[in-house]
Amino acid sequence: MSEEIKKLDSESPKNESVFDLVAEADDKDYSRISFEEFTDERILTSYDMTGKKQMKIKVLEVSDENTPSKWKFGDRVKINKILITIKHLETQEIEEAEFDIEAIEREMAEKRHYTSTNRWIPANDIKNGYVVGTYHTRLITDASALDYIVF
């Protein structure tokens with residue numbers, strides 16, 4: 001056994017650079033993420049007014065309804081259910097809740113005779129299953145109005 005270890009030690013190069021290792025990994029066809037597929041975490045998060053809370057929204061269910069006017073607004077999807085994760089930055093406490101936006105929208109229309117939710121989100125603004133931060137307010141407006149969420 002010690003002969004095998006000595007043999008392996010003599011075969012391995014001592015001064016191998018990181019770039020050589022990366023080149024070998026590319027040759028072995030490991031799956032790597034391309035620059036176009038990379039998503040910065042900051043794009044997926046939004047902050048409250050005071051900067052003490054951070055929110056991420058994960059898409060759980062999408063409607064199979066067709067876009068009413070694809071030529072005008074582009075390729076969009078209608079979101080039915082989301083998972084909201086809120087992180088309190090001061091205490092590092094994390095809260096999660098699942099929301100059925102469709103049911104909340106119906107309840108809002110029934111109770112207040114009005115709804116402000118726009119559940120149509122451009123398909124390009126959903127990255128790795130998460131909604132881009134600029135669309136967070138659109139998805140949670142009715143839940144905020146009914147006091148289901150305070151953000």
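Note that these values count all heavy atoms, side chains included, but never hydrogens, waters or copies made by symmetry.
Between Y47 and L89, the closest side-chain pair of non-hydrogen atoms falls below 4.5 Å. Contact check for L146 versus M108: side-chain heavy atoms found under the 4.5 Å cut-off.
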Legend entry - Test log, rule side chain to side chain contact (heavy atoms under 4.5 Å, CB included), inputs D75 and N124: CA-CA 8 Å; D75 193 21; N124 294 338; over 6 Å; no
Legend entry - Intermediate values then yes/no, side chain to side chain contact (heavy atoms under 4.5 Å, CB included), L139 and I101: CA-CA 7 Å; L139 294 173; I101 300 176; 3.9 Å; yes
Inset, instruction - Using the salt bridge (Lys or Arg N to Asp or Glu O under 4.0 Å) rule, take R119 and E105 through it: C-alpha gap first, then chi angles, then the decisive distance, then the call. - result: CA-CA 9 Å; R119 298 186 290 140; E105 186 177 30; 2.8 Å; yes
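Atom OH of Y130 is separated from atom CG of L44 by 8.5 Å, given to the nearest 0.5 angstrom. Atom-to-atom distance recorded for I82:CD1 and T85:OG1 is 10.0 Å, nearest 0.5 angstrom. Between the OG atom of S63 and the CG atom of N80 there is a distance of 5.0 Å, given to the nearest 0.5 Å. Rounded to the nearest 0.5 angstrom, F99 CZ and I79 CD1 are separated by 14.5 Å. Atom NZ in K58 sits 8.5 Å away from atom CG in N128 (nearest 0.5 Å).
Within the 3.5 Å criterion, the main-chain N or O of I104 finds no donor-acceptor partner in the side chain of D142. With hydrogens and angles ignored, the 3.5 Å screen pairs a side-chain donor or acceptor of N118 with a backbone N or O of W120. Listed for the K52 side chain is no donor-acceptor partner under 3.5 Å among the backbone atoms of M49.
The number of heavy atoms from other shown groups lying within 6.0 Å of CD (Q92) is above 12.
A salt bridge links E107 with K111: the distance from a Lys NZ or Arg NE/NH1/NH2 to an Asp or Glu carboxylate oxygen falls below 4.0 Å.
Minimum interatomic distance between G133 and S46 (heavy atoms only, all atoms of both residues): O-CB, 4.0 Å.
Of the residues H136, R138, K56, the one that meets the side chain to side chain contact (heavy atoms under 4.5 Å, CB included) test with V131 is H136.
Clustering ILVMFWY residues whenever any of their side-chain heavy atoms sit less than 4.5 angstrom apart, transitively, puts Y148 in the very cluster that holds M55. I57 and V77 fall within a single hydrophobic cluster, where Ile, Leu, Val, Met, Phe, Trp and Tyr side chains are chained together by heavy-atom contacts under 4.5 Å. Note on I86 and L60: separate hydrophobic clusters, where clusters join Ile, Leu, Val, Met, Phe, Trp and Tyr whose side-chain heavy atoms are under 4.5 Å apart, directly or indirectly.
Side chains of E95 and H88: a donor-acceptor N/O pair is present below 3.5 angstrom, by distance only.
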